[in-house]
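So that we are looking at the same thing, I have put the structure below in structure tokens.
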Amino acid sequence: MRQAGLVLGGVIVGIALLCAILAPWIVPHDPFLQNLDNRLAVPFWMEGSNPAHLLGTDQLGRDYLSRLVHGARISMLIGVLTVVASGLIGTTLGVLGGFFGGRVDDAVLFAITCRLAIPVVLVALAVVGLLGSSLTLVILVLGLLLWDRFAVVARSTTMQLRNLDYVAAAWSAGVSTPGILLKEILPNIASHLAVVATLEMALAILLEAALSFLGLGVPPPLPSWGLMIAEGKDYMFFSPWVIFIPGVTLFIVVLGINLLGDGLRDLLGAGDTR
Amino acid sequence: MLRFALRRLAVALLVALTVMTLSFLLTRLSGDLAISIAGAGATPEDVAIIRRAYGLDRPLVAQFLDWAGRAAVGDFGDSYFFKARVSTLIAERMPVTLTLGLTGLAIALAVSIPLGILAAVREASWVDRLVQLVAMVGQAMPSFWLGLILMITFGLRLGWLPISGTGSWEHYVMPGVVLAFSAIPALTRLTRSGMIQALGSDYIRTARAKGLSRLSILGKHALRNAAIPVVSIAAVQLGFMLGGSIVIETVFALHGVGFLAWESISKNDFPVVQAVVLVLALIYIALTMAADLLNGLLDPRLRAA
């Protein structure tokens, strides 16, 4: 069962990554090409569908499947880059706090407490609202906001390692402090951080979709899944599939990442990092 | 206990001050606020007038001290767009957000506590796995999308519930369910692990040996101990839910504080934006502090930390 989750998650994430990388070469149509004569064409499971547009077309006649596949690019890009940024911030803070303890640790704990008090969605919306929506800004804002779990986990795992024999051995062998942090501590907390990375990646993708849905994330005409749902909202009562397709895709990809993370946790024995 | 409480209060005040500074700096990010307020098509003279009128020509520190001093006594200035006191606007909208948050929390608790107990009692069985799967599904659900799907299903197709607005209690059902989804995974997992820990402890073995009924062991002994962390996490979750309700309020056109913030962001109404960020952060800080104090009261070991 657990293994099944890991495999399923891996397959879903693998497909999403492939779509993200290969999008321009595998989609049947240009995702930005409008055709006002062929608006809101129905997907393949409904009567009157057109085999040329398997998932139908949107309100501007753009091929839905092509937009969906290109949307994977945006979600994966946001997920990966946000995790890189927040992982760097959170891990640095957590390792420093956990390793040095005392005043340093107090400062790190205080930073985590402050970060948790800040309402993420609201602040992200406000920043994008003030500075104008762009993909780069969304990544930056989410990266600067989602480091708390990295810091918490890096801190507690570093604390456990700090007093172990092999670290003491490295000390007495004359290894410098940065050397110990990079060569002894970091490799040994990496599996815990990998699990956090999957959770944060899933969260970042969900948040980007929510921001884009509210009109303060990725700007149109980029095919973000959240934006596709927002654009389909006006037609959802008569053509529910316009919000159904991107929503289900978003849900499955996020679920896949979470399944992968859960499986990794068991596989690497990373314990409870939630 | 008093020492612990005082130290906790001091930390909370420091956090509040930091968040206050951050929410002030947040709205100065764009560089020149006067240009944003003046809007497109304003002449440099217009911008200069606005800059003077709103005191934006003063040093940043002076502006901050002025704002912080007033905010400390509940005066957040005037809204540019709504032409009203920011404090009045927030006070008017807060009941909607609080009702939504408490509804969401109540639904989340009503779902996750039974699920968590069920999973713990049948640990490692298919029931347990199913419950964990439910938690994972809840975690992956895009809340705004779930809201739209519920609107189509229960609002339009079945006609059971109103689609948007705040007229009656029925207006809070769908938004409450959607908001609950964000808290259910964490609360379910915590109830489950708390119950598993409690069920494996010595006093439960004693209770079993005494021949107490299964129900009384579960309800009276295990649950009471598992409830302590659940109550404190519930307080923290409520804080997160109030902060995150902006998305759901916008989807369902519930005119609460989140909706107010969304309107203000799109109108560059920065006094409202920074006040809402600050107020929601303060509520979160107060809730977590209350949870910590409660924990300290119930579990003396925590006071040393």
Side-chain angles (χ1 to χ4, degrees), chain A residues 1-2 5 9 106 109-111 113-123 125-132 199 202-203 205-207 209-216 225-226 229-230 232-233 236-238 240 243-244 246-248 250-259 261-262 272 274, chain B residues 11-12 14-16 18-19 22-23 26-27 29-31 33 36 126 129 132-133 136-137 139-146 148-149 151-153 155-156 185-186 189 193 236 239-240 242-247 250-251 258 261-262 264-266 268 270 273-274 276-277 280-282 284-285 288:
Chain A
M1 166 80 190
R2 282 293 177 182
D106 287 345
L109 267 182
F110 184 72
T113 317
C114 288
R115 160 47 209 97
L116 285 173
I118 293 170
V120 174
V121 186
L122 187 53
V123 167
L125 284 172
V127 172
V128 178
L130 275 166
L131 299 183
L199 291 173
L203 186 60
I205 290 176
L206 276 181
L207 283 175
L211 296 181
S212 299
F213 173 75
L214 292 178
L216 291 168
W225 294 333
I229 298 173
K233 204 177 69 146
M236 70 177 189
F237 289 123
F238 303 105
I243 67 158
F244 197 70
V248 168
L250 176 61
F251 169 70
I252 290 177
V253 168
V254 173
L255 186 66
I257 299 172
N258 280 333
L259 280 172
D262 217 46
D272 199 19
R274 265 192 265 266
Chain B
V11 172
L14 268 178
V15 173
T18 312
V19 173
L22 289 176
S23 63
L26 171 71
T27 52
L29 266 179
S30 63
L33 256 180
S36 327
W126 63 271
R129 301 241 166 78
Q132 291 188 49
L133 193 68
M136 200 166 271
V137 165
Q139 205 174 358
M141 187 67 73
S143 62
F144 63 95
W145 180 72
L146 179 67
L148 296 178
I149 296 295
M151 269 163 127
I152 296 177
T153 315
L156 188 81
R189 289 195 184 108
S193 57
V236 176
F240 282 138
L242 292 176
S245 77
I246 180 166
V247 179
T250 315
V251 170
W262 187 68
S264 318
I265 289 170
S266 45
N268 266 321
F270 78 88
V273 179
Q274 61 191 14
V276 173
V277 171
L280 289 177
L282 289 181
Y284 173 86
I285 293 169
T288 45

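This is a predicted model, so every value here is computed, not measured. So you know, we letter chains A, B, ... as the sequences are listed, proteins then strands, and number each from 1.
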Q. With a 4.5 angstrom heavy-atom cut-off, which part of B:Val247 approaches chain A: side chain, backbone, both or neither?
A. both
Q | Side chain, backbone, both or neither of B:Leu146 within contact of chain A (heavy atoms, under 4.5 Å) | A | neither
Q) Out of curiosity, B:Leu280 CG to A:Leu122 CG, how far, rounded to the nearest 0.5 Å? A) 6.0 Å
Q) Shortest non-hydrogen contact from B:Phe240 to A:Leu116? A) CE2-O, 3.9 Å
Q | Nearest-0.5 Å distance that lies between atom CG in B:Leu26 and atom CG in A:Leu130 | A | 6.5 Å
**Q.** Minimal non-hydrogen separation, A:Phe213 against B:Val251, with atom names
**A.** CE2-CG2, 3.5 Å
Q: Mind ranking B:Val273, B:Val277, B:Leu242, B:Ile149 by heavy-atom pairs under 4.5 Å with chain A and telling me who comes out on top?
A: B:Val277
Q: Would you give the length of the straight line joining atom CG of A:Leu125 to atom OG of B:Ser264, rounded to the nearest 0.5 angstrom?
A: 11.5 Å
Q: May I ask you to name which of B:Val11, B:Val276, B:Val137 has the most heavy-atom pairs under 4.5 Å with chain A?
A: B:Val137
Q | Engaged part of B:Val236 at the chain A interface, taking heavy atoms whose separation is under 4.5 Å | A | neither
Q: Give, as side chain, backbone, both or neither, the part of B:Phe270 having an atom under 4.5 angstrom from any heavy atom of chain A.
A: neither
Q | Top of A:Pro240, A:Cys114, A:Gly129 for chain B proximity - count of heavy-atom pairs under 4.5 angstrom | A | A:Cys114
Q) If you round to the nearest 0.5 Å, how far is CD of B:Gln139 from CG of A:Leu259? A) 10.0 Å
(Q) So for A:Ala202, is it side chain, backbone, both, or neither that comes closer than 4.5 Å to the heavy atoms of chain B? (A) neither
Q) Which bit of B:Trp262 comes within less than 4.5 Å of chain A, counting heavy atoms only: side chain, backbone, both or neither? A) side chain
Q) Under 4.5 Å between any side-chain heavy atoms of B:Tyr284 and A:Ile118, yes or no? A) no
Q) What part of B:Thr250 is in contact with chain A, defined as an atom under 4.5 angstrom from a non-hydrogen atom: side chain, backbone, both or neither? A) side chain
Q. Side chain, backbone, both or neither: which part of A:Val120 has an atom under 4.5 Å from a heavy atom of chain B?
A. neither
Q | Counterpart residues, ring pair (Phe, Tyr, Trp, His ring centres under 6.0 Å), relative to A:Phe251 (two or more places apart) | A | none
Q. Contact part of A:Ile252 toward chain B, heavy-atom cut-off under 4.5 Å: side chain, backbone, both or neither?
A. neither
Q: Measure distances from B:Val19 to the heavy atoms of chain A and classify the residue's part below 4.5 Å as side chain, backbone, both or neither.
A: side chain
Q. Do A:Ile243 and B:Ile152 have side-chain heavy atoms sitting under 4.5 Å apart?
A. yes
Q | Contact origin within B:Ile285 toward chain A - heavy atom pairs under 4.5 Å | A | side chain
Q) Looking only at heavy atoms, which two atoms of B:Val15 and A:Phe110 are closest? And how far apart? A) CG2-CE1, 3.5 Å
Q.
I'd like to check the side-chain contact (heavy atoms from CB on, under 4.5 Å) partners of A:Leu206; sequence neighbours left out, ordered by chain and number.
A. A:Leu250, A:Val254, B:Pro142
Q.
Taking side chain as everything from C-beta outward and backbone as N, CA, C, O, which of these in A:Ile205 sits under 4.5 Å from a heavy atom of chain B? Side chain, backbone, both or neither.
A. neither
